[in-house]
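A quick note: this is a predicted structure, and the numbers were derived from the prediction, not measured. If you read the sequence from its start, that first residue is 1, and numbering goes on from there.
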Amino acid sequence: MAASTATAPTDRIDVFWDSGMLNHNSGNGVFDTGMDPGFLDVLEKHPENSDRVKNMVSILKRGPISPYISWLPGKPALLSELLSFHSSEYINELVEADRDGGKMLCAGTFLNPGSWDASLLAAGTTISAMKHVLDGHGKIAYALVRPPGHHAQPTQADGYCFLNNAGLAVQFALNSGCAKVAVIDIDVHYGNGTAEGFYRSDKVLTTSLHMNHGSWGPSHPQNGSVDELGEAEGFGYNLNIPLPNGTGDRGYRHAMTELVVPAIQKFEPEMMVLVIGQDSSAFDPNGRQCLTMEGYQEIGRIVRSLADRHCSGRLLIVQEGGYHVTYSAYCLHATLEGVLNLPTSLLSDPIAYYPEDEALAVEVIKSIKKFQKDNVPFLKGA
């Protein structure tokens, strides 16, 4: 278990937010299909809806963590910034889709009127949060953004994502002189878009802890498997940790301490990016993992410890998934409590947790560790 109280707690987290991101509306239907089968009286909202983020905003503004939070505005991304990660052909496709009144870009991913402006705000707000940290105005920034971004690849949309918010911020850091950036993605789904953007780079270590879901079609050809390690100079700098379904707090902590911490220590980044999705919680409709508030808090502590040790405390947190409208907000609160190194929890868990048997996760993590030591050059002997 990482030393979670080795440093004094920071006095604040700077949260970057713009209400214009609420204007993205993915519609209603059967879960995320947008379809009306004709035999249901109640069609639910698309999982990636504005309610989930409204609760995240309100819990930070009115919850017990509020004294530790400072609020800063977002802004839209510039075209030149988008082209640092995405191809011009893909950006033109999005602009044309917006101009034509909307388009389903892939399964579950609907660009509707208002979506493009919200996407620009999400991307620009994340870049602004990164710039804030790099310019020395704060140590820890949180980009509270939607639509999410970590599935968006340089040339295509995927998984509710249009623009890769975290990827654009990482590229901004590299362009600003950061020699090495580490990304830790704990969303329940593989951060395939971010990985794809830096797959041939040894300047970015992308690490993703996700359920073992594999590919889900043409928009998501990556499997998220352990052998997707990167290519050319980037070989070994994409570390996938596909965890068995049902992995909970103890399993995730074991994966962090056995796999993530040693990799970060070897890589020695100058900037840390924590990509968070509360869809890895025990009660999320879009995931099959069992993290609770306690697990998120511990992950926050571990990442904070790594940022303090290697990055002079500099940490950018980027919001991704999380589709239980209430519990996602509580788990966000817990994650930020951990990042702040608060000695006691400010909120109790309103749902508690499923009992966890981490034996299978421990065995899987052991096999991943052996694979990485045998195949990843910079981790040999770690």
Side-chain angles (χ1 to χ4, degrees), residues 20-53 76-77 79 82-83 85-124 126 145-168 187-197 210 213-224 277 279 284-287 319-323 325:
M21 289 181 280
L22 299 174
N23 294 331
H24 168 51
N25 184 350
S26 295
N28 296 352
V30 176
F31 199 61
D32 64 1
T33 65
M35 295 174 58
D36 180 354
F39 46 72
L40 296 176
D41 281 344
V42 179
L43 292 178
E44 60 189 319
K45 292 181 179 180
H46 189 285
E48 206 296 282
N49 61 70
S50 61
D51 290 347
R52 53 183 284 270
V53 173
L79 178 62
L82 301 183
L83 296 177
F85 186 92
H86 295 288
S87 69
S88 58
E89 293 81 6
Y90 174 56
I91 297 302
N92 288 338
E93 178 188 358
L94 295 177
V95 170
E96 290 175 9
D98 177 58
R99 186 185 305 133
D100 294 342
K103 179 181 181 181
M104 186 178 79
L105 294 163
C106 60
T109 307
F110 302 92
L111 193 145
N112 290 324
S115 300
W116 179 234
D117 287 343
S119 298
L120 290 173
L121 272 174
T126 310
V145 294
R146 73 177 288 266
H150 73 150
H151 297 310
Q153 295 146 79
T155 61
Q156 64 179 356
D158 178 40
Y160 316 161
C161 302
F162 307 103
L163 299 172
N164 195 304
N165 306 315
L168 287 161
D187 187 280
V188 82
H189 305 106
Y190 175 37
N192 60 313
T194 314
E196 189 70 25
H210 48 268
H213 54 67
S215 169
W216 58 52
S219 70
H220 191 108
Q222 303 86 0
N223 288 306
D279 46 6
D284 199 272
N286 214 359
Q319 182 62 45
E320 295 291 347
Y323 306 104
V325 172

Any side-chain heavy-atom pair of M104 and S26 under 4.5 Å: no
Exercise: identify the closest heavy-atom pair between E196 and P154: CG-CD, 4.0 Å
Test log, rule side-chain contact (heavy atoms from CB on, under 4.5 Å), inputs D51 and K45: CA-CA 9 Å; D51 290 347; K45 292 181 179 180; 2.6 Å; yes
Check: Q153/Q222 side-chain N/O donor and acceptor closer than 3.5 Å: yes
Which atom of H213 lies closest to which atom of Y190, heavy atoms considered: NE2-N, 3.0 Å
Side-chain heavy-atom pair P37, L43 within 4.5 angstrom cut-off: yes
Inter-residue atom distance L111.CG - K103.NZ, 0.5 Å rounding: 9.5 Å
F162 side, atom CZ; Y90 side, atom OH - distance, nearest 0.5 Å: 7.5 Å
Heavy-atom closest pair, residues W216 and H189: CZ3-CD2, 3.8 Å
Between CG on residue N164 and CD on residue E320, distance to nearest 0.5 Å: 7.0 Å
Approximate separation, where rounding is to 0.5 Å, of L163 CG and F85 CZ: 10.0 Å
I91/L83 under side-chain contact (heavy atoms from CB on, under 4.5 Å): CA gap, chis, key distance, verdict: CA-CA 8 Å; I91 297 302; L83 296 177; 4.1 Å; yes
Backbone of S88 reached by a side-chain donor or acceptor of N92 within 3.5 Å: yes
Euclidean distance, H220 NE2 relative to N192 CG, rounded to 0.5 Å: 4.0 Å
Smallest separation among heavy atoms of V188 and H210, with atom names: O-CB, 3.3 Å
Listed once per pair and sorted, the salt bridge (Lys or Arg N to Asp or Glu O under 4.0 Å) pairs that draw on residues 20-43, sequence neighbours left out: none
Residues that E48 engages under salt bridge (Lys or Arg N to Asp or Glu O under 4.0 Å), provided they are two or more places apart: R52, R146
Minimal non-hydrogen separation, N112 against N25, with atom names: ND2-O, 2.6 Å
Ring-ring centroid check H46 Y160, cutoff 6.0 Å: yes
Within-4.5 Å side-chain heavy-atom neighbours: L94 and L105: yes
S115: partners by side chain to side chain donor-acceptor pair (under 3.5 Å), with sequence neighbours left out: H24
pair T109-S219: side-chain heavy atoms closer than 4.5 Å: no
Residue pair N165 / T126, side-chain donor-acceptor N/O under 3.5 Å: no
Interatomic spacing from CG in D187 to OG1 in T194 - rounded to 0.5 Å: 10.0 Å
Nearest atoms (heavy-atom pairs only) where V95 meets W116: CG2-CZ2, 3.9 Å
